Structures are given as structure tokens and as C-alpha cells.
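What you see is a predicted model; the values in this text were computed from it and never measured.
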Amino acid sequence: MRVCVLMRLRRAKVCSAARRTGEGGEEMKKVVYSAVQPTSQLTLGNYLGAVNNWLKLQQDESKERIFAVADLHSLTIRREAREVRENTLSLLAQFLAFGLDEKRNIIYVQSHVPAHTQLAWILNCYTYVGEMSRMTQFKDKSAKHADNVNMGLMDYPVLMAADILLYDTDLVPVGVDQVQHLEIARDIAIRFNNIYGETFKVPEALLGRAGAKIMSLTDPTAKMSKSDPNPMGRINVLDSEADIVKKFKRAVTDSESVIAYDPEKKPGVSNLLAILAAAKGTIPEQEAGECEGLMYGHLKLRAAEAVSAMLRPVRERYEALIKDEGYLLEVAREGAEKAAAIAEKTLKRAGAAVGLLQG
Ligand code: TRP
């Protein structure tokens with residue numbers, strides 16, 4: 001029996017290796033997959049962390065990149081229908097405004113590719129209630145939205161696993177808060193492969209550089225987060241220049257008056273230096289040196305100016321794009337077509353593995 005399983009695994013490996021090479025036998029590109037929920041605007045923290053990384057990856061010809069607007073995931077928290085629709089279009093426009101090129105990446109909306117929910121159902125049958133109920137984010141969100149602990153909230157990581165596994169993804173750029181979800185995607189893939197032979201590629205996390213961590217302006221010990229209830233703590237990528245200046249002016253510092261980079265002892269000032277450095281492409285220590293003798297107010301203005309200069313072109317592109325719904329829908333349609341072509345093959349493979357009749 002053991003030998004049998006081993007043989008089956010070995011045979012499956014050969015198949016899947018064949019899958020990983022192109023028709024002419026050339027090596028296939030590594031697939032990088034990322035998705036964002038269309039909940040609210042991305043923050044400066046997202047921009048300096050995730051978006052900058054995506055733009056770098058876009059230059060890397062050895063990789064194929066797929067970016068999704070995870071609209072189905074956003075339904076797990078109750079929202080107005082109009083808000084879901086507007087946020088989806090907005091995130092799509094933000095992706096393009098950042099400089100992600102729809103010709104060089106696959107950019108699409110999750111619900112436009114039905115294979116996601118179909119694979120999620122199959123994977124549900126190989127995922128245990130116990131492991132889902134132990135997920136940190138499920139526990140946090142159930143506590144926060146105690147009046148709406150719906151099945152989707154619990155099943156969220158399984159849909160995310162389907163997102164990733166459908167594209168034979170090699171790498172998933174993730175922040176620390178998503179590491180547990182990626183782990184479960186790997187566990188589900190490995191579990192499935194152990195039963196049915198190698199069907200899914202087991203993805204790996206691509207962790208961002210630790211240096212790019214941007215903290216809240218009002219509480220520099222907490223990450224700058226889209227869901228921070230205090231709007232003054234975060235800069236949104238589409239904030240006006242006046243708002244950017246206002247938020248930096250009110251940023252928390254400390255009771256000393258010396259500008260130095262020391263995240264432990266001076267978290268507020270160090271966060272401002274880190275933001276200034278990231279916006280200019282330098283390092284915080286260098287900015288601290290250049291601020292010698294200046295007051296906190298000067299540092300705040302410098303940071304506000306650098307961030308405004310970085311985000312101005314993004315905001316201008318966004319304003320033009322968001323007016324052109326027809327164009328955005330066309331980008332989404334073309335992206336979904338490309339995504340579905342890949343996703344449907346994987347869905348078929350998984351369906352055949354478990355014994356679904358192939359029509
Ligand atoms: N859960 C992710 C977040 O909130 C969004 C997401 C959905 C995702 N599907 C994904 C991220 C697949 C990476 C890969 O940030």
C-alpha cells in the first residue's frame with residue numbers, strides 16, 4: 001500500500017514537472033500572485049511596502065505577475081452594495097495609477113473568474129473546521145463583528161488558498177498578518193497532493209524587507225493600517241496635499257527635541273525618518289544626519305513634502321482613470337479572460353483528481 005502511494009506520487013511529480021515547462025520545453029516563468037481586498041484606500045504603508053515591491057517585480061522578466069481585486073473576500077464584512085462596487089473600481093484604478101501595467105501583468109477582479117469559488121468548494125472538503133476556527137484573523141474579526149460571524153468569515157482562508165493554488169503560484173508577497181493564511185494554503189495543497197498525487201504547486205511566501213514597515217502617525221508602536229479607526233494615523237495614497245500636511249503636522253513625536261533614528265526609544269521621530277527615507281529612496285540614518293539641528297516641525301514638513309511629491313502623480317493618474325469606467329471594465333474583462341484560461345485548467349485537474357466526472 002505504501003509503495004503504491006509512493007509510486008503514485010512519483011508519477012504525479014513527472015506530470016507536474018511537465019506542466020512547469022513550456023511547449024518547446026523551455027523553463028516556465030515563476031508565478032507571483034497577489035490580491036488585495038477592495039475595502040478602503042491603500043495607505044502610505046501599503047504603498048511603501050507592497051506596491052513598491054510589485055513595481056520592482058514588474059521589471060523582473062523571469063516572473064509572471066498576477067494581481068487580483070479580492071471582491072469576494074470583502075463580502076465577509078457587511079457593506080453597502082454601492083460601496084462594494086465603487087471600491088472594486090477604485091482599487092482597480094489604484095493598481096493602474098501605481099504604474100502596474102495591464103499589458104505586462106494579469107490584473108483582474110476575483111469574482112469575474114468563477115473557478116475561484118469552485119475550487120474553494122473542493123478545498124473546503126479537505127480543510128477542517130478546527131483549523132479554521134483557530135486562525136488568528138478569524139478570531140479577531142469574529143470578536144470585532146460579533147453580530148455577523150458568518151461562514152464566509154471562517155472560510156476566508158480557503159478562498160484565499162484557491163486564489164493562490166489556481167495559478168500554480170510560486171511566490172506570494174505577504175505582510176506578516178497574512179503569513180498564517182499562506183501557511184494554511186500550503187497545508188491544504190500538501191494534504192491534497194498527499195491524497196491524490198501532485199496536483200497543486202506548493203506556494204512560498206515572499207516576505208517584504210523589514211525596513212519598509214511604516215507605523216501609524218498617531219501611535220507609532222502600531223502598524224499604519226487601512227483599518228485603523230483613527231484616520232489621522234494613516235496617510236491614504238489618494239489623500240490631498242492639504243490632508244497629507246495636516247496629518248504629518250499632528251504626528252506623534254516625543255518630549256525631547258533631538259532628531260535621531262532610534263525606533264526603540266524614539267518611535268515617532270524614527271517613523272517620520274523612515275517615511276522620509278522610503279519616499280526619497282534613501283535610508284533613515286542619512287535623513288537623521290541631514291536633519292541635524294532642525295526641529296521636529298521641520299522634519300514633519302520634510303516628510304509631508306517628500307510623500308506629497310511621491311503620491312502626486314499617482315493621484316493625478318487615478319483621477320483620470322476613475323472617470324473612465326468603460327476603460328476600467330475593459331481592463332478587468334481582458335484580465336479575467338487571461339486569468340480564467342489558467343485557472344480553469346487547474347480547476348479541471350483538481351476536479352478530475354477527486355473524481356468529478358469530466359464533461
Ligand atoms: N487576504 C488578503 C488581505 O487581506 C487578500 C487576499 C485575498 C490575498 N486572496 C489573496 C493575498 C491571495 C494574497 C494571495 O490582505
Side-chain angles (χ1 to χ4, degrees), residues 40-57 98 136-137 140 173-180 182 205-312 314:
S40 46
Q41 279 179 47
L42 292 184
T43 67
L44 175 66
N46 300 130
Y47 190 84
L48 292 173
V51 179
N52 265 346
N53 252 338
W54 298 341
L55 294 175
K56 250 185 247 140
L57 283 166
F98 296 151
T136 309
Q137 198 174 83
D140 289 351
V174 281
V176 276
D177 60 323
Q178 294 297 319
V179 169
Q180 200 180 33
L182 185 68
L206 185 64
L207 287 161
R209 286 173 302 119
K213 194 165 176 198
I214 302 300
M215 313 306 277
S216 158
L217 295 181
T218 48
D219 175 8
T221 58
K223 206 177 91 169
M224 184 181 283
S225 159
K226 288 205 285 185
S227 51
D228 187 338
N230 184 352
M232 294 304 285
R234 62 168 181 269
I235 304 285
N236 302 312
V237 287
L238 303 174
D239 275 352
S240 68
E241 306 218 0
D243 280 341
I244 293 175
V245 171
K246 187 167 82 190
K247 290 179 187 179
F248 273 105
K249 274 193 177 158
R250 298 208 192 146
V252 167
T253 50
D254 54 51
S255 57
E256 300 178 356
S257 57
V258 186
I259 298 178
Y261 186 66
D262 184 344
E264 290 268 297
K265 293 205 195 97
K266 298 172 79 70
V269 170
S270 301
N271 188 37
L272 292 173
L273 287 166
I275 292 172
L276 176 58
K280 288 172 63 184
T282 63
I283 55 168
E285 290 82 355
Q286 180 185 337
E287 296 304 327
E290 286 176 15
C291 286
E292 221 186 289
L294 296 184
M295 305 210 288
Y296 286 170
H298 295 124
L299 170 61
K300 289 177 173 181
L301 276 185
R302 280 192 182 191
E305 272 163 23
V307 167
S308 291
M310 179 179 71
L311 294 180
R312 192 175 303 127
V314 171

With sequence neighbours excluded, residues passing side chain to side chain contact (heavy atoms under 4.5 Å, CB included) with [X]:
X      : value
Ala288 : Tyr261, Leu273
Ile283 : Glu285, Gln286
Thr253 : Val269, Leu272, Tyr296, Lys300
Asp219 : Ser216, Thr221, Ala222

Verify side-chain contact (heavy atoms from CB on, under 4.5 Å) between Arg302 and Cys291, making sure each step is shown before the conclusion. CA-CA 9 Å; Arg302 280 192 182 191; Cys291 286; 3.8 Å; yes
Provide the full list of salt bridge (Lys or Arg N to Asp or Glu O under 4.0 Å) pairs with a residue in residues 250-260, sequence neighbours left out, each pair given once. Asp254-Lys266, Glu256-Lys266
Please tell me if the side chains of Leu301 and His298 come closer than 4.5 Å, counting only heavy atoms from C-beta onward. no
Evaluate the side-chain proximity of Met224 to Leu217: yes if any heavy-atom separation is below 4.5 Å, no if none is. yes
Under the 3.5 angstrom rule, does the side chain of Asn46 hit a backbone N or O of Thr43 as a donor-acceptor pair? yes
Short side-chain to backbone donor-acceptor contact, Asp239 and Asn236, under 3.5 Å: yes
Holding to salt bridge (charged side-chain N to carboxylate O under 4.0 Å, His left out), I want the full list of residues that pass it with Lys226, two or more places apart in sequence or in another chain. none
Contacts of type salt bridge (charged side-chain N to carboxylate O under 4.0 Å, His left out), residue Asp228, not counting sequence neighbours: none
Working to the nearest 0.5 Å, report the span between [atom1] of [X] and [atom2] of [Y].
X      : Y      : atom1 : atom2 : value
Thr136 : Gln180 : OG1   : CD    : 3.5 Å
Leu206 : Leu57  : CG    : CG    : 6.5 Å
Ile214 : Ser225 : CD1   : OG    : 13.5 Å
Arg312 : Glu241 : CZ    : CD    : 4.0 Å
Leu294 : Leu299 : CG    : CG    : 8.0 Å
Lys249 : Ile244 : NZ    : CD1   : 13.5 Å

Heavy-atom pair with the smallest gap, counting every atom of [X] and [Y]:
X      : Y      : result
Thr218 : Gly233 : OG1-CA, 3.4 Å
Pro284 : Ala277 : N-CB, 3.4 Å
Ala304 : Phe248 : CA-CD1, 3.6 Å
Ala279 : Leu48  : N-CD2, 4.2 Å

Check side chain to side chain donor-acceptor pair (under 3.5 Å) between Gln178 and all other residues, then give those that pass, not counting sequence neighbours. His181
Applying side chain to side chain contact (heavy atoms under 4.5 Å, CB included) between Val237 and each of Val51, Leu44, Leu42, report the one that passes. Leu42
I'd like to check the ring-ring contact (aromatic ring centres under 6.0 Å, His included) partners of Phe98; sequence neighbours left out, ordered by chain and number. Tyr47
Strictly by side-chain hydrogen bond (donor to acceptor under 3.5 Å, both in side chains), give each pair with a member in residues 270-283 just once, sequence neighbours left out. Lys280-Glu287, Thr282-Glu287
